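Notes follow once the structure below has been shown.
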Amino acid sequence: MHQLRGLCHGRIPKGAAHMAVVRHHHSRFRLAPQQLSASVGCEDATRFSARSSLTADQQTSALTNGNSASPSTPSVFSFGNLNVEEAYDLERNDWDATSLSVVVVGASGDLAKKKIFPALFALYYEGLLPPEFHVYGFARSKMTDAEFRDVIASTLSCRVSAREKCQEKQEDFLRRCFYSAGQYDNADSFRELNRRMSEVEASCGKQRANRMFFLSIPPNVFIAAAGGAADYCSTRTGWTRVIVEKPFGRDSASSAALGRGLAAHLREDQIYRIDHYLGKELIENLTVLRFSNLVFEPLWSRQYIRNVQIVFSENFGTEGRGGYFDQYGIMRDVIQNHLLQILALFAMEPPVSLAAEDIRNEKVKVLRSMRPVQLDDTVLGQYRSRQHGGRTLPGYLDDKTVPPGSLTPTFAACAMFINNARWDGVPFLLKAGKALHTRRAEIRVQFRHVPGNLYKHKFGPDLDSATNELVIRIQPKEAIYLKVNNKVPGLGLRLDTTRLDLQYQSAFSQKELPDAYERLLLDVVNGDKRLFIRYDELEAAWELFTPLLHEIESRKVAPELYPYGSRGPVGAHYLAAKYNVRWGDLANDEPDE
Ligand SMILES: NC(=O)C1=CN([C@@H]2O[C@H](COP(=O)(O)OP(=O)(O)OC[C@H]3O[C@@H](n4cnc5c(N)ncnc54)[C@H](OP(=O)(O)O)[C@@H]3O)[C@@H](O)[C@H]2O)C=CC1
Ligand SMILES: O=C1O[C@H](COP(=O)(O)O)[C@@H](O)[C@H](O)[C@H]1O
């Protein structure tokens, strides 16, 4: 026991303050230490930074409301003219009585190193995780705790070089990390993991132990690992939550089988299906933009919107991930999940509230109002090699991990329609590709022509290019801009299109944007499912793509080849033209980033 005492990091006496994070919709405000102390008399208040923009009354009210919340229902309260959802962690996680264990299953893998450990560290750095927080790596690779800590250490960075006490915090974080090697389908491996976690948790002396598992492993071992986690490692004193990464199957049938496999071990409320695009800042902002500004929502329909484009492009190829990618292709890798989720959030009716189920109810209605994608509304492409600057840029088939002669598309574009009163007849064009000329993800909303436009004669024959366009740039260089027609200053009357431009880099220069995984992991800790995919959403999403995917595969539809680093297959332009649309991201006034 003496030895175990060093495992636990709790230093907060019983009855001390809990972390108080107040969320205004999705943004987080933190209580100032002295105010928190005064309000609730807690010693732990010093852990909070004084960056809050709330007044003392508002903060006290936040706390009071938080304390009266029932564990299962996040309370909603308001201050000023804002409707603020209370932070759940005060009551639900009750940090002075609870420890948190985060298990990364597949801890030796790419995603764990690239995203999960850095995100956990960022949350830890910001003081958003409980004092008794530990990380466990689990995978088949053999590693000692020390070697595991070295692996993690190589992934951590302080986002701003001058971050206070970053080195110290990294070291403290690493001391909380443990590793357990095991097989994903082996009960004893999970029993051993459970033993280690229980040992550390017991040494913390808390009443409750919460456990969160991140299944960062290939799909063939999803169910076995979920079973191991649920059956042998569920906590008896708190909650057990399991995060599942895509791919959620390859089609409706395999997704349903995965769902049944998970349901055999876990309740739906324990399963968090992650789509990391939903954790991106600009996607979080989409509902704020729509529902808290008078100027957008009235225009958000077929009456004013000509078409909507949701575009994803990467300027690199599969580069080593071909083994995974080839079994899925770009439709399953990006369009059926990330882009379709954005579409659903973009097009949904106003939800009754910001509660997770209200939002997800509206999203699923959108998906169920859509007709499955048709092959003749689809363009497929695959990148080929290209000589550039004296170098050969490799084609998809040159990737050693890709089977020879593969027809898997690395590019796809499709036109989709929502058959409801709001969106009837409006084409939603979705486009995603790898090895294109630029890296970019954005939503582009092209508005209709101005009826009876007095200035029509000033625009020449290309009236489409003179319509307003709203661009929500998800990445990189996050931005929201609206293309408007404007008089060129000076004598005479010359019109030109210019931008009302909100560039995040300059507008919020003092703020670092959190990585999507930070937001999503924090949401799991807080039990907030708003940004996770519900089972029926997934089912509806697969119904839209499964017939098409089967047809492409059974007919062996050959993708159109496009050169690495180009703007993609010409076919995408024909598809857009079929619906009188021009891709906004390829317009002349959109420079490559
Ligand atoms: N990497 C990324 O950017 C993204 C990944 N994802 C998804 O996240 C999950 C993890 O991705 P990623 O980290 O890239 O995956 P990896 O291929 O790196 O696999 C993760 C770990 O799983 C184990 N593993 C690999 N192959 C097998 C196998 N055939 N059978 C059993 N275990 C295996 C390995 O650990 P060990 O051998 O030590 O057991 C490996 O370190 C996947 O579902 C992926 O589709 C989703 C979005 C992005
Ligand atoms: O899910 C995936 O997303 C990445 C792109 O994510 P981003 O956050 O870097 O834009 C993509 O490269 C990968 O193929 C896909 O599986």
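Counting starts at 1 for both ligands and their atoms, in listed order. One is the number of the first residue; the rest follow in order along the sequence. Just so it is clear, the model here is predicted, and its values are computed rather than measured.
Ring to ring, Tyr179 and Phe148 are close: their centroids are under 6.0 angstrom apart. Phe190 has its ring centre less than 6.0 Å from the ring centre of Phe138.
Residue Lys280 has at least one heavy-atom neighbour below 4.0 Å for each of these atoms of ligand 2: 7 (P), 8 (O), 10 (O). Each of the atoms 7 (P), 10 (O) of ligand 2 lies under 4.0 Å from some heavy atom of Gln475. Residue-ligand proximity, Asp333 to ligand 2, at heavy-atom distances under 4.0 Å covers atoms 13 (C), 14 (O), 15 (C), 16 (O). Interface atoms of ligand 2 facing Lys434, defined by a heavy-atom separation under 4.0 Å, are 11 (C), 12 (O), 13 (C), 14 (O). Interface atoms of ligand 2 facing Glu314, defined by a heavy-atom separation under 4.0 Å, are 4 (C), 5 (C), 11 (C), 12 (O). Under a 4.0 Å criterion applied to the non-hydrogen atoms of His338, ligand 2 contributes the atoms 1 (O), 2 (C), 3 (O). Counting atoms of ligand 2 from 1 in the listed order, those under 4.0 Å from a heavy atom of Lys246 are 1 (O), 2 (C), 15 (C), 16 (O).
Pairs engaging residues 101-111 under the side chain to side chain donor-acceptor pair (under 3.5 Å) rule: Ser101-Glu201, Asp110-Lys114 [sequence neighbours left out].
For Glu281 and Arg519, the salt-bridge test passes: some basic side-chain N is under 4.0 Å from an acidic carboxylate O. Using a 4.0 Å cut-off between charged side-chain N and carboxylate O, Lys115 and Glu245 make no salt bridge. Using a 4.0 Å cut-off between charged nitrogen and carboxylate oxygen, Lys529 and Asp523 do not count as a salt-bridge pair. Salt bridge annotation for Arg195-Glu192: present, with a cationic side-chain nitrogen under 4.0 angstrom from a carboxylate oxygen.
Not one N or O on the side chain of Glu551 forms a donor-acceptor pair closer than 3.5 Å with the backbone of Leu375. Here the side chain of Thr318 pairs no donor or acceptor atom with the backbone of Arg321 at under 3.5 angstrom.
Remark: minimum distance from atom 9 (O) of ligand 2 to any protein heavy atom is reached at Arg439 NH2, 3.9 Å. Counting only heavy atoms of the protein, atom 6 (O) of ligand 2 lies nearest to His276 NE2, 3.1 Å. Here the protein heavy atom with the shortest distance to atom 13 (C) of ligand 2 is Arg321 NH1, 3.3 Å.
Rounded to the nearest 0.5 angstrom, Gln336 CD and Leu430 CG are separated by 11.5 Å.
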Could you go through ligand 1 and list every pair where one of its N or O atoms sits under 3.5 Å from a protein N or O, giving the atom names and the distance to one decimal?
| from | atom 1 | to | atom 2 | distance (Å) |
| --- | --- | --- | --- | --- |
| ligand 1 | 1 (N) | Asp110 | OD2 | 2.8 |
| ligand 1 | 3 (O) | Lys114 | NZ | 2.7 |
| ligand 1 | 13 (O) | Asp110 | N | 3.1 |
| ligand 1 | 13 (O) | Leu111 | N | 2.8 |
| ligand 1 | 18 (O) | Asp110 | N | 3.1 |
| ligand 1 | 32 (N) | Arg140 | NH2 | 3.2 |
| ligand 1 | 35 (O) | Ser108 | OG | 2.8 |
| ligand 1 | 35 (O) | Tyr184 | OH | 3.4 |
| ligand 1 | 37 (O) | Arg140 | NE | 3.3 |
| ligand 1 | 37 (O) | Arg140 | NH2 | 3.0 |
| ligand 1 | 38 (O) | Ser108 | OG | 2.7 |
| ligand 1 | 38 (O) | Arg140 | N | 3.4 |
| ligand 1 | 38 (O) | Ser141 | N | 2.9 |
| ligand 1 | 38 (O) | Ser141 | OG | 2.5 |
| ligand 1 | 39 (O) | Arg140 | N | 2.8 |
| ligand 1 | 39 (O) | Arg140 | NE | 2.9 |
| ligand 1 | 39 (O) | Tyr184 | OH | 2.7 |
| ligand 1 | 41 (O) | Ser108 | OG | 2.7 |
| ligand 1 | 41 (O) | Gly109 | N | 3.1 |
| ligand 1 | 43 (O) | Ile217 | O | 2.8 |
| ligand 1 | 43 (O) | Lys246 | O | 3.4 |
| ligand 1 | 45 (O) | Lys246 | O | 3.2 |

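With atom 10 (O) of ligand 2 as the reference point, the heavy atom nearest to it among Phe316, Tyr277, Phe312 is part of Tyr277.
When only modelled atom types and interatomic distance are considered, Arg211 and Asn194 share a side-chain donor-acceptor pair under 3.5 Å.
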